[in-house]
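See structure below.
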Amino acid sequence: MKIQAVRGTRDILPDEIPTWQVLEEAAQRLLGRYGYREIRTPAFEETELFARGIGAETDIVSKEMYTFDDRDGSSLTLRPEATAGIVRAVIEHNLMNTDPALKVYGLGPMFRRERPQKGRYRQFHQLDVEAFGFTSPTIDAEIVELAIAYLEACGVEQHELILNSVGDGRCRPGYVEVLRKALRERASEMCGDCQRRIETNPLRVLDCKVPADQAIVDQLPRFVDHLCPECRDHFGEVRRQLEVLGIAYRLNHRLVRGLDYYVRTTFEVLSGELGAQNSVLGGGRYDGLVRDLGGPDVAGTGFAVGLERLALLLPPGEGQSRCDVFLAPLAGAALDPALLLQRDLRRAGVRTMLDPEGRSFKSRMKQADKLGARLVAILGEDEMKRGVWTVRDMARSEQEDVPEGQILDHLKEKTNG
RNA sequence: GUGGGUGUAGCUCAGCUCGGUUAGAGCGCCAGGUUGUGGCCCUGGAGGCCGCGGGUUCGAAUCCCGUCACUCACCCCA
């Protein structure tokens, strides 16, 4: 039996790493400018945290979690999303006390036991951005603007922002009833899943993908028309500010999102290049969550980006140079000076390699070429007699003699420019 | 959990329909074509339980059954 990566997991091989570093460095650079600081929370938590935070009825909690019993009998779960764990840490360390306007982000692996497909893995990585303690629509708009800025900083050009409001505790129950009543009248025309959802979770009917159902959904009452005055004003101001900021969006009243904790603003960024998993980023407001998890009643807003999906949108990284100077000691007595020169160059910050196997000169030239070395420094019988190194510029195909006393400085200078 | 597609060299794939000598190509890798010089070109080489198990047959990569994996889609989501 061959051992291979677990279903739904994958290796990120060295060739792909530059792409991932682009995503990670862009996050660090950009989020700092907006005042966010990184937070790192454990990859697993008590199961109860997710059951309470995400909603026991959601698919994630009811059938997609990696849950196991610890030896003392407590139930633990690999985190299926980041927000619950971050909220737990915020509460546990009373971060809101010292910083009533808290901006944090997290980056790391999440785990969901779903059937894998394009852009969906059982272990996947998310960048999660969370702002606590801000109630005003200005932070909603800022979060959306930040999300778009991040995608663009990563080099994503083709994207579509969709936006909706799902109301709050005051107006949502009313709308759900209006919706359910309307749905019951059309129930016989809808798919089996939807007929069931009319009673269990009518909002989910809205994003049903069955074409016939979508036609019906388009005729249903819309949430935006049933918002309470506060939610309506809030949403109106979010939209106004997005327009001020020049951010194009499309209203989509079917956007309800899968996690129970969202209120008011919800948004998602789609890309056509991801197959069926076309959502690359999603977020919104979750004002009750911190309170529900036992913390102070503070507002929350944020988003999560799927990094595997984001990586799919970027062009494959081209082969990068891995070496500045390649040393080629040809004579036996040339090895020691080459080892010393290699050590000194590396300490000076110059990427330096040689062929420890001591293969043919031609082979070493090929290696230097493949590694992308700009310079090859050759030390053979002839050079040793004359007290010089031959330094070859690979791109120009030119070479020159450099006295051995100057070789270190010469190579340092040539590679720093 | 449910459907479809695909499993042959490190990678991309041909061969399978109409079973038949040592299973192929391109790329990649290694070596050589120079007396100490990369890319281009040429030559050679290494590398395959033809996913796995069973069946049919004189004979199976090829036909049949099962199984596992990958993949796309449904569900749901980043």
Side-chain angles (χ1 to χ4, degrees), chain A residues 1-10 13 15 23 54 57-64 80-83 107-129 147 151 191-194 196-197 201 204 207-210 255-259 267-271 274-283 302-313 319 323 326 328-331 334 357 359-384 390-399:
Chain A
M1 183 175 97
K2 263 187 296 190
I3 296 180
Q4 53 186 355
V6 171
R7 182 173 178 75
T9 69
R10 57 182 231 107
L13 300 177
D15 283 350
L23 305 183
I54 302 169
E57 301 309 310
T58 60
D59 279 25
I60 291 176
V61 171
S62 63
K63 57 186 197 193
E64 295 175 358
E81 57 96 50
T83 303
L107 185 66
M110 311 293 156
F111 307 84
R112 287 183 205 169
R113 199 179 184 293
E114 299 178 275
R115 196 75 175 264
Q117 65 191 75
K118 186 180 178 73
R120 179 161 75 192
Y121 303 94
R122 289 182 170 186
Q123 174 174 341
F124 60 101
H125 296 76
Q126 284 187 337
L127 166 65
D128 268 78
V129 177
L151 295 180
C191 72
D193 282 339
C194 284
R196 185 165 33 78
R197 285 189 286 226
N201 191 352
R204 291 247 66 85
D207 63 359
C208 179
K209 287 183 180 114
V210 177
L255 176 63
V256 292
R257 305 192 52 71
L259 283 57
F267 66 97
E268 210 167 292
V269 177
L270 310 179
S271 166
L274 291 173
Q277 306 305 313
N278 63 347
S279 171
V280 66
L281 179 153
F303 67 85
V305 196
L307 297 185
E308 278 80 3
R309 291 183 187 178
L310 182 49
L312 282 173
L313 299 178
C323 181
F326 192 90
L330 299 182
E357 303 301 311
R359 280 172 282 195
S360 72
F361 187 33
K362 179 172 185 151
S363 165
R364 289 190 241 187
M365 290 301 291
K366 284 188 180 176
Q367 292 175 58
D369 186 51
K370 227 168 292 171
L371 291 167
R374 286 147 71 184
L375 300 172
V376 175
I378 303 155
L379 186 62
E381 305 276 1
D382 176 51
E383 285 85 356
M384 293 194 76
T390 297
V391 175
R392 179 176 180 83
D393 182 313
M394 295 294 274
R396 296 168 186 268
S397 296
E398 291 169 0
Q399 44 195 60

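Quick caveat: nothing in here was measured; it's all calculated off a predicted structure. Convention: sequence-line order gives letters A, B, ...; per-chain numbering from 1.
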| B:C42 versus B:C65 - spacing of their P atoms, nearest Å | 46 Å
| task | Using the criterion of both pairing distances under 3.5 Å for Watson-Crick and G-U wobble pairs, give all stems of 3 or more consecutive pairs involving RNA chain B. | result | B:1-7 with B:68-74, B:10-13 with B:24-27, B:29-33 with B:41-45, B:51-55 with B:63-67
| said: Rounded to whole Å, please give me the gap between NZ in A:K118 and P in B:G4. | reply: 22 Å
| query | Across the strands shown, which category fits A:F326 at heavy-atom distances under 4.0 angstrom: base, sugar-phosphate, nothing? | reply | nothing
| request: Examine the side chains of A:E383 and A:T390 and answer whether a donor and an acceptor come within less than 3.5 Å of each other. | output: yes
| message | Would you say A:Q117 places a side-chain N or O within less than 4.0 Å of OP1 or OP2 belonging to B:C74? | response | yes
| Is there a donor-acceptor pair under 3.5 Å between the side chain of A:R120 and the backbone N or O of A:R115? | yes
| task | For A:L307 and B:A78, give me the distance from atom CG to atom C1', rounded to whole Å. | result | 9 Å
| query | Expressed as a whole number of Å, how far does the P atom of B:G33 sit from that of B:G39? | reply | 13 Å
| query | Within the distance-only criterion (no hydrogens, no angle test), does the side chain of A:R122 pair as donor or acceptor with the backbone N or O of A:P116 below 3.5 angstrom? | reply | no
| field | Atom pair distance, as rounded to whole Å: CZ in A:R10 and C1' in B:U71 | value | 14 Å
| message | For a quick test of reading the model, state the closest non-hydrogen atom pair linking A:M384 to A:A331 and the distance between them. | response | SD-CB, 4.3 Å
| task | State, to 0.1 Å, how close A:I54 and A:I60 come at their nearest heavy-atom pair, and which atoms those are. | result | CD1-CG2, 4.2 Å
| Nearest-Å distance for atom pair CD/P, residues A:Q277 and B:U71 | 13 Å
| message | If I pick the P atom on B:C50 and the same atom on B:A23, what distance separates them, to the nearest angstrom? | response | 10 Å
| message | Using atom P in both nucleotides, what's the gap between B:G15 and B:G54 to the nearest angstrom? | response | 28 Å
| task | Kindly say whether A:H125 contributes a backbone atom to a donor-acceptor pair with the side chain of A:E308 at under 3.5 angstrom? | result | yes
| message | Output one letter per nucleotide in nucleotides 8-13 of chain B: B when a protein non-hydrogen atom lies under 4.0 Å from the base, S when only the sugar-phosphate is that close, - when neither is. | response | ------
| query | With no hydrogens and no angle check, is any side-chain donor or acceptor of A:R10 less than 3.5 Å from a backbone partner on A:A5? | reply | no
| field | From NZ (A:K370) to SG (A:C323), nearest 0.5 Å | value | 13.0 Å
| field | Inter-nucleotide C1' distance (B:C72, B:C52), Å rounded | value | 23 Å
| message | Taking only side-chain N and O atoms of A:Q126, does any of them lie within less than 4.0 angstrom of OP1 or OP2 on B:A78? | response | no
| Does A:P80 offer a backbone N or O that forms a donor-acceptor pair with the side chain of A:R112 under 3.5 Å? | yes
| query | For A:A368, which contact category applies under a 4.0 Å heavy-atom criterion: base, sugar-phosphate, or nothing? | reply | nothing
| Reading 5' to 3' through nucleotides 33-43 of chain B, protein heavy-atom contacts under 4.0 Å coded B for base, S for sugar-phosphate only, - for none | B--BBBB----
| 5'-most contact on RNA chain B: A:F124 or A:K63, nearest heavy atom basis? | A:K63
| field | Distance, P atom - from B:G1 to B:A61, rounded to whole angstrom | value | 33 Å
| field | Between B:C70 (C1') and A:R7 (CZ): distance, integer Å | value | 8 Å
| task | Would you mind reading off the distance between A:L274 atom CG and B:A78 atom C1', rounded to a whole angstrom? | result | 10 Å
| query | Does the A:R113 side chain pair with the main chain of A:K63, one donor and one acceptor, at a distance under 3.5 Å? | reply | no
| Looking across every strand, which nucleic acid part, if any, lies under 4.0 Å from A:G275 by heavy atom: base, sugar-phosphate, or nothing? | sugar-phosphate
| task | Rounded to whole angstrom, note down the C1' distance from B:G24 over to B:A14. | result | 7 Å
| task | Could you tell me the separation between the CZ atom of A:R364 and the C1' atom of B:G32, rounded to a whole number of Å? | result | 17 Å
| Side-chain donor/acceptor of A:R309 to backbone N/O of A:G119, under 3.5 Å | yes
| remark: Heavy-atom nearest nucleotide on RNA chain B taken for A:Q367 and for A:V305; more 5' hit belongs to A:Q367
| Nearest-Å distance once atom C1' is located in both B:U62 and B:U21 | 16 Å
| message | Please evaluate residues A:D382 and A:L330 with respect to the criterion side chain to side chain contact (heavy atoms under 4.5 Å, CB included), reporting the C-alpha separation (whole Å), side-chain torsions for both, the decisive distance (0.1 Å), and the verdict. | response | CA-CA 10 Å; A:D382 176 51; A:L330 299 182; over 6 Å; no
| task | Using atom CG of A:D128 as one end and atom P of B:A78 as the other, report the distance to the nearest whole Å. | result | 9 Å
| said: Can you tell me which nucleotide in B:A78, B:U2, B:C74 comes closest to the side chain of A:E114? | reply: B:A78
| Contact summary for A:S279 and A:L270, nearest pair of heavy atoms | CA-CD2, 3.9 Å
